[in-house]
Each structure stands twice: as C-alpha cells, then as structure tokens.
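These notes are about the structure you will find just below.
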Amino acid sequence: MHRDGARKSIWQEEIRKFSSEADLHQLYDVAIVGGGITGVSTALKLQQAGKRCILLEAANIGFGTTGGTTAHLNDFFDTTFKEAINDFGLDNAKLLANAGREAIALIENNIQQFGIGCDFERKTGYLFALDEQQQKQLKDIVEGAAEVGHEMTYVEEIPFPIPFKEAVSIPDQAQFHPVKYIKGLCEAFLGLGGVIIEDCRSESHDEQQNHVILKTSGGEIKAKNVIYATHIPPGMSVLHITNAPYRSYALAFSLKDGKYPEGLGYDLIDPYHYYRVQEIDGQKLLIAGGEDHKTGHEEDTGECFSRLENYVRKYFDVETVYYSWSSQYYEPVDGFPYIGKLPGSDGKIFTATGFRGNGMIFGTISSQILSDLIVTGSSKYEDAFSPSRIKPIAGFADFVKENAVVAYDFIKDKLFAEKINSLTEVKEGEAKVVKYEGESYALYKESNGKVHLVKSTCPHAKCEVRWNSAELSWDCPCHGSRFNVNGKLLTGPTVRDLPRVDTDSEI
Ligand SMILES: Cc1cc2nc3c(=O)[nH]c(=O)nc-3n(C[C@H](O)[C@H](O)[C@H](O)COP(=O)(O)OP(=O)(O)OC[C@H]3O[C@@H](n4cnc5c(N)ncnc54)[C@H](O)[C@@H]3O)c2cc1C
C-alpha cells in the first residue's frame, strides 16, 4: 500500500521506496518524524544548514495527505485576509500573506537548485461567487487582500464553464506534482548525507536534558531535537483540542470536448469546490475537489464521490473518471496554522499542524520556520503561528466544546455501536460496529465472505471508530486516527493498531 486509503490517487504511481544505511546508535542533531511535504522539506533545509538529520516515516514517503492532496500552490488561504485582520490584526495578516509568497518562492528555489522535474507551473487563480451571498464574501475577500497588499482583480470571464455572478483573478499562483517534488527533495536530502528510514513508526519520546530519545518500531533513536511532521502530532496535547480532522474528496477525469480550463479555480460554496488540470502520461485530466466533512461524521462516504461527480457533470463534459480518492486535513480553531515548539515540550520538540486546505504552502513554510527555530533560536513567524497560543476568537468555545462533547459522547454512549446478535446480520461488502457481550467490535465482511474483526475503541482517546466506505478504513471521529480493516494504523495521532480479534474463537 502506498497511501493511507484504499483508493488510488492521481499522484501515487510516482511513490517509490527510500532506504538509507542508518547508524541508530549515533546522536543525531535532528530526528524528523513524518515523510510528507512538511517533514521532507524540513529535513532537507536542516541538512543544508549543516545539521545531521534522520527522517523517520511509519510507512513510505508520501503515504499521508501529501500523496492525496490536489497540490494547488496559493498565496491566499482558506482563512481569508479579512478574517486574519479581524482576529489577529493587520501586521499578522501581512505576515500570513508573506508566508504564502515565501513558501512558493522556496518551492521554486528547491526545484531550480536541485533540478527537480515536478511539473511546476505558474497559473492564474480564479475565485468566483455563484450567488449574492457569495458575492458579499468575495467583496470581503478582495477588501482584506487589498489591505495586506495582495492583488485580486475583478474579471468578466473565467476559464471554467460554470455560471457565476462575480469573479476575481489572482496572478502568480502555481501548481505541481507533489510526489515528484518530495521525491526530488528526498534525493537531494540523501545526497547531502541525510538518512531516511521508512516503515519505522515513532511510538513515544522521552525528553532529557540534552537530547530526546525516540522509541520507534525500529528501536531507540537519539537526537538533540525532534520534529513531529506527522500532520498532527502523536500523543495527547492541547493541539488535539484546537485542531479537528476533516476529509476532502477529489476526482480526476478527462473531458469529451478537450476544453481543459487553464488556471486554478475555486467557488465560494461551503464547503467549496476546487479545480485544476494535471497531465499524467501525456493525458490531460481535470481534477475537481470538494464535499469536505468532519472525519467520521458522514454515514456513507461513498456518496461524497457521487455528489461530487454529479456536481461536476452539471458543468463539464466528463468523459472518463480515471481517479477518485479522499484524504484528511486539520482545521485549526482560529484559522492560523500551528508551527513551532510542541506544547508541553521543554523546547527540544517541534511540530507543525492545522494547515486547513493549504498544507503545500504551510508545510513548506514550516521548513523555514522550524529550521530557523532550531538553527538560530527564533523566527519572524514564531508568535503568530505558535502551537501554544490560545486565541479566544468568536466560535472558539463552540469548536472546543464540539470536539470535547464528541469525544465524551463516543466514550460514554458508544452512539454508533449497534446491537446485533450474530455475524450473519452483516452483509458481504458491509461494515458495522457491533456489540457483543458488552464489548464493541469493528467488523468488515469482504465480498467473498471473509470477515475482519477488530476492537473498535481508538487507543488514542477511547472514542469509537466509524466506517469509511470510500477508503475501506475505520476512522476515529474525535481526533482523526484511521485504521485499515485489519486494524493496522493508517493515520495518527494514535501510534497503536486496533487489536485484531480471531473470529473463530471470540464470536
Ligand atoms: C483532498 C485534499 C486536497 C488538498 N489540496 C491542497 C491543495 O491544493 N493545496 C494545498 O496547499 N494543500 C492542500 N491540501 C492540504 C495538504 O495536502 C496537507 O496539508 C499536506 O499534504 C500535509 O502535509 P504533511 O507533510 O504535514 O502531512 P502528511 O502528508 O500527512 O505526512 C505525514 C506523514 O507522517 C507519517 N506519520 C504519522 N505518524 C507517524 C509516526 N508516529 N511515526 C512515523 N511517521 C508517522 C505518515 O505516515 C505520513 O506519511 C489538501 C488536503 C486534502 C485532504
């Protein structure tokens, strides 16, 4: 398996294995945990700065959301500049704008310096309002952008066959192939003497006076600093309350009329749809994304694909859908990413999370921020993006309460545990959380009748997992941990599998 889901993304054909000769007994300067865009970019930057780095990945490079993204490179974000000004002040909103520009420049610089072929192209972005409500939103977006010096221009036409009320164009956005890009970064990292260990899960850390000991599935590793670039850090911290996991869905399809829209497109529906074109093996494909929802909060995730496909078929002359996949991202409570010292750490452990749908950018800027923090001790972004900040913005209490109440409900009532008496009630191809003699189990029956049974309580915060039919996974609705049908961990924050149950002996 190359990705944390059962469906194949448009990028994952490019994933390949990396392995280094590793001396696990030496003291590394920095151990970076997580082989997505955040971990790989950060490992390279630190290695370039002269640090001896080791990069650990639980599965393979690109296994997480970086292998399931859509890879638009925007310097405007899901958090609008208007919202940023209102909640964080004009200076911090300008800093946010700067992070976008700086991240795209960092990517371009890496591509040039290391000669990475990753289909990087500059593109114009288009934001379009489909009704009056969205027109008001667009006006706010444009006004906020002007205040931070970001160019957005009203236009009469957009390159998408979607009827719209009003639209703006945004110059100098970009796109690339994310897996080709991080593959190139890994090669550069190895070339500079960096070490990559795949199939190595970090299970816990012990922060000592001068170094950190990481307990991993491959043994203990010592490093002066540790970075959790795991999309959400493992273990339990305030970040699991201030971030909520969401799923988003993407399709890549050919068009009968061959009229592929140039540019990157976004409507302003909540949740919004996003569009871009990618060429794979000489074939142009239009990628459309959307239908986002909180992880574990959609009864039938397969329907999210149907809804997305029905929506795009209304406007585009769809010929063949070649790829359909979904992936996970994290919503921060106050709209800004969390990049810096891990809350609760003495100062040797760092993390980066809360990227919303802009993790190509925030993952990249994390490499600069985290390397500055480790190499020089400070970063211009450290206060604005501090993981320890508690920003009591409007909606903060509801967000936290919702996360906490969800967790509480799932522990207390096991809401979705259905009482059934025998396995025969689960049809082939179906999955259920079932109760048996007071215990809850997650049960999946393959189309050939083979049964997979695991304990259904997520080891992280003891919430009950829910079935994700689109990716054939058990997803935790509380903090986003995900497991395959055999209970094998796909996505943290937990570091443990769901215990497997021998069906012959227990039920
Ligand atoms: C459908 C979708 C579309 C998106 N589109 C865009 C877009 O167009 N533009 C954009 O900017 N952003 C987009 N995003 C967001 C962006 O893709 C993510 O924020 C970004 O990929 C996160 O990268 P990462 O490296 O932080 O995490 P990941 O790519 O998830 O990498 C984390 C890695 O850590 C590993 N790991 C986890 N726990 C451990 C452990 N304990 N030990 C060892 N390894 C571990 C995982 O296996 C994984 O490989 C999108 C997100 C989704 C879901």
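Just so you know, ligand 1 is whichever comes first in the structure, and atom 1 is the first atom listed for that ligand.
Listed by chain and number, the residues in a salt bridge (charged side-chain N to carboxylate O under 4.0 Å, His left out) with D119 are K180 (sequence neighbours excluded). The ring-ring contact (aromatic ring centres under 6.0 Å, His included) check on Y330 picks up H231, with sequence neighbours excluded.
The nearest pair of heavy atoms linking L489 to R201 is CD2-NH1, 3.2 Å. Of all non-hydrogen atoms in L255 and Y260, the two that sit nearest each other are N-OH, 2.8 Å.
Evaluation of the side-chain hydrogen bond (donor to acceptor under 3.5 Å, both in side chains) test over residues 335-355, restricted to residues two or more places apart or in two chains, returns E207-S345.
Taking a heavy-atom cut-off of under 4.0 Å, ligand 1 is surrounded by V33, G34, G35, G36, I37, T38, E57, A58, F63, G64, T65, T66, G68, T69, T70, A71, H72, C200, R201, S202, A229, T230, H231, S248, Y274, S327, Q328, Y329, F355, R356, G357, N358, G359, M360, I361, V495.
SG atoms of C463 and C478 are separated by less than 2.5 angstrom, consistent with a disulfide link.
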